[in-house]
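Quick notes on the structure that follows.
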Amino acid sequence: MVRILETERITKAFGNMFAVNRFDLHVEEGKLKSIIGPNGAGKTTLFNVISGKIRPTMGRVKFKGEDITNLSPNSISRRGLARSFQITNIFPNLTVFENVRLAVQQRDKKRSSYFTPVSSLSETNRKAKEILNQIGLIEYQDSVARNLSYGDQRHLEIGITLAMEPDLLMLDEPTSGMSSMETQATVRLIDKLTENLTILLIEHKMDVVMSVSDTVLVMHYGQKIAEGTPKEVEKDPRVREAYLGGL
Amino acid sequence: MSLKLPRLLRGPESGYYWFLLFLFLVALLPLGVTAKIYSTFYLRFGTELLILGLFALSVDIIMGYTGLVSLGPAAFFGIGAYAGALTLLKLANSIWLALAITLVLSWMVAWLIGYLSIRIKGVYFAMLTLAFAEMFHELAFNWQSFTGGSDGLTGVPRPEIGIPPFVLSLGNPYVFFYFVLVVVILVYYGCVRLVNSPFGHVLQAIRDNEERAEFIGYDVRIFKRRSFVISGIIGGLSGSLFALLRFVDPDAFHWFISAEVLVMNLFGGMGTLYGPIIGAIIFLFSKDLISSYTEHWRLILGVIFVGFVIYSPRGIVGLYEDFRDKAIPAVLATLRRSGIREARKTAQSLVADANPVVERESSSKLKGDLPVRETEAGIEDKE
Ligand SMILES: Nc1ncnc2c1ncn2[C@@H]1O[C@H](COP(=O)(O)OP(=O)(O)OP(=O)(O)O)[C@@H](O)[C@H]1O
Ligand SMILES: [Mg+2]
């Protein structure tokens, strides 16, 4: 199976605390892998290293066979890696449509043209509408993003990442803070996405993890303590211990 | 009443084009002089308003649209002023050469300052831009033989434009006024195109959320630098025109200049292109008016400024937009439904309610609150 993402002994130390410790991760093309683990396990830090937000203390990241360890976030993103954030990260004062269009526009050959009106990028505008339909926000396309409900803002962020047409989609707790209704909608959306996307997912809600994942990886104190199918992981005694001890 | 406006003058972007129309009307200003309603002093004053409006516009690109607060726009104003004047004095008496050298020089200086300072964020960026402007101020003061030191440059010739036998002198206030007006219209229209282009939209994305822009694949630093350069070039152009209208001395680089142009932007309303130009016009008018009564004009303008920042952070344009989008539709809707008495009450409550916009926007956080059409907003959810 093709490994689209591979990390080698990723380590990130904050002072003398190892948030991520010699971490080996691999994601296979077309699969959905979830990362679970107690608060402070280092999941977000791992995402930050992979996506270029922070530099690792040690180790390297390979994406589609290329070493991307020291690249900037924008060049990593352009290589086909899209991520969402644990704390909603959208353009709050732009319209919903504009939020998505900006992400689509990045792939347009006129992405930074100075004098063409954006309204004339018909392919980009069409794709942006398509994404809004897909995430169910088309009726709010002209609303300013910050006026959306919390759940819809989270969906909008997923929409932004989809608009990038990524080869790997990394979602950091997409359902955090959502009501159970909103969570269900998110799960349905992710389920649809798994048909043709590779996804790396951080998630706390066990029912979500168990229903959408191909593989589950458990992280604890910056290290991997278990990895396997949802069933295998559920039974693993070390996982139970980490969760009971860690919460 | 089915008078239909052209497409550009309707819809959310219409403000840009209404102002363009206004600029065309400004072409009528000299008629007042011909008709002896006011003297040529006002023609020159009008020219100065346009030039400083252009300067304010340049700052809007970097501050209003990109979200970078630079404290050193005077650097470009001064570079332009000296580049223009020195070309005319020492190289050739040609406006085109003067402007070309201005543009190239401000482009280079802006690129360099941008390259060095944009990598640094927030307050440090602002301080660095201020420091560069101050360095130029010092240089203009001390390089006596080239810049004329504290006296500045005098006797700058007024070049001619046109092809013989149709030649006009820019020393003629009418000619210079129209020359500046054409430049302002062209640059303003270019900026309208720019902010509506893919590039301009990325700038606005950066202003709103730099990290998100970076993580969808835009090299934020490059976009900011380009915006800084565009802003610097326009700023240089305005300085050059100013030198032709008035004079050049090291004060062109003074931090007062930077501060005033920021105030013009805040007064008028940044991020609109026309707001800052309107801000420049009102600022200079008030300065002129108030300083004819008292020498403490800074004190009075300062108080007005503080009032604006606190009560209408979106400036005069913001004030007008609230009026147009909220107050007028609300009063009209009440009028339609319940007659004049109710409408007056609505109007009064709107006046009492200092800032209706902010409240309404935060109250519609929940889904189920469908985006209301603009004209209907304000009245339905009041009950
Ligand atoms: N920028 C930082 N500076 C210092 N310490 C940090 C920084 N970022 C994270 N940490 C620390 O690293 C550890 C791992 O944090 P991280 O956010 O990666 O955990 P997480 O697994 O995502 O947790 P959660 O489930 O709460 O989101 C925590 O102890 C955190 O306090
Ligand atoms: Mg986290």
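Contacts with chain B were tallied for A:Gln106, A:Lys110, A:Arg83, A:Glu157; A:Gln106 has the most, counting heavy-atom pairs under 4.5 Å. With chain B as partner, the option from A:Ser77, A:Gly52, A:Ser51, A:Ser119 having the largest number of non-hydrogen pairs under 4.5 angstrom is A:Ser77. When the candidates B:Arg226, B:Arg193, B:Glu214, B:Glu211 are compared by the number of heavy-atom contacts under 4.5 Å with chain A, B:Glu214 comes out ahead.
Remark: A:Tyr114 OH is packed, more than 12 non-hydrogen atoms of other residues, nucleotides or ligands lying under 6.0 Å away. Around the CZ atom of A:Phe14, the shell of radius 6.0 Å holds more than 12 heavy atoms that belong to other residues, nucleotides or ligands. Other residues, nucleotides and ligands contribute over 12 non-hydrogen atoms within 6.0 Å of the NZ atom of A:Lys64. Within a 6.0 Å sphere centred on CG of B:Leu112, heavy atoms belonging to other residues, nucleotides or ligands number more than 12.
For a residue to count as touching a neighbouring chain, one of its non-hydrogen atoms must lie under 4.5 Å from one of that chain's; by this rule A:Arg101 touches chain B with the side chain only. Looking at A:Leu81, neither its backbone nor its side chain comes within 4.5 Å of chain B, counting heavy atoms on both sides. For A:Ala103, the parts lying near chain B are the backbone and the side chain together; criterion is any non-hydrogen pair under 4.5 Å.
Remark: A:Glu165 engages A:Arg107, A:Lys127 in a salt bridge (Lys or Arg N to Asp or Glu O under 4.0 Å) (not counting sequence neighbours).
Taking each heavy atom of B:Ile216 and A:Ile160 in turn, the nearest pair found is CG2-CG2, 3.5 Å. Contact between B:Ser197 and A:Phe115 at its shortest, heavy atoms only, is CB-N, 3.9 Å. Of all non-hydrogen atoms in B:Asp208 and A:Leu94, the two that sit nearest each other are OD2-N, 3.5 Å.
Taken to the nearest 0.5 Å, the CZ atom of B:Phe199 stands 13.5 Å off from the CZ atom of A:Arg111. With rounding to the nearest 0.5 Å, the separation of NE2 in B:His201 from CG in A:Leu121 is 9.5 Å. Annotation: the span from B:Tyr218 atom OH to A:Leu102 atom CG amounts to 5.5 Å, rounded to 0.5 Å.
Between the side chain of B:Arg212 and the backbone N or O of A:Asn89, at least one donor-acceptor pair lies under 3.5 Å. B:Asn196 contributes no side-chain N or O that, together with a main-chain N or O of A:Pro117, makes up a donor-acceptor pair within less than 3.5 Å. Without hydrogens or angle criteria, A:Gln105 side chain to B:Pro198 main chain gives a donor-acceptor distance under 3.5 Å.
Looking at heavy atoms from C-beta onward, B:Arg221 lies out of side-chain contact with A:Ser72 at the 4.5 angstrom threshold.
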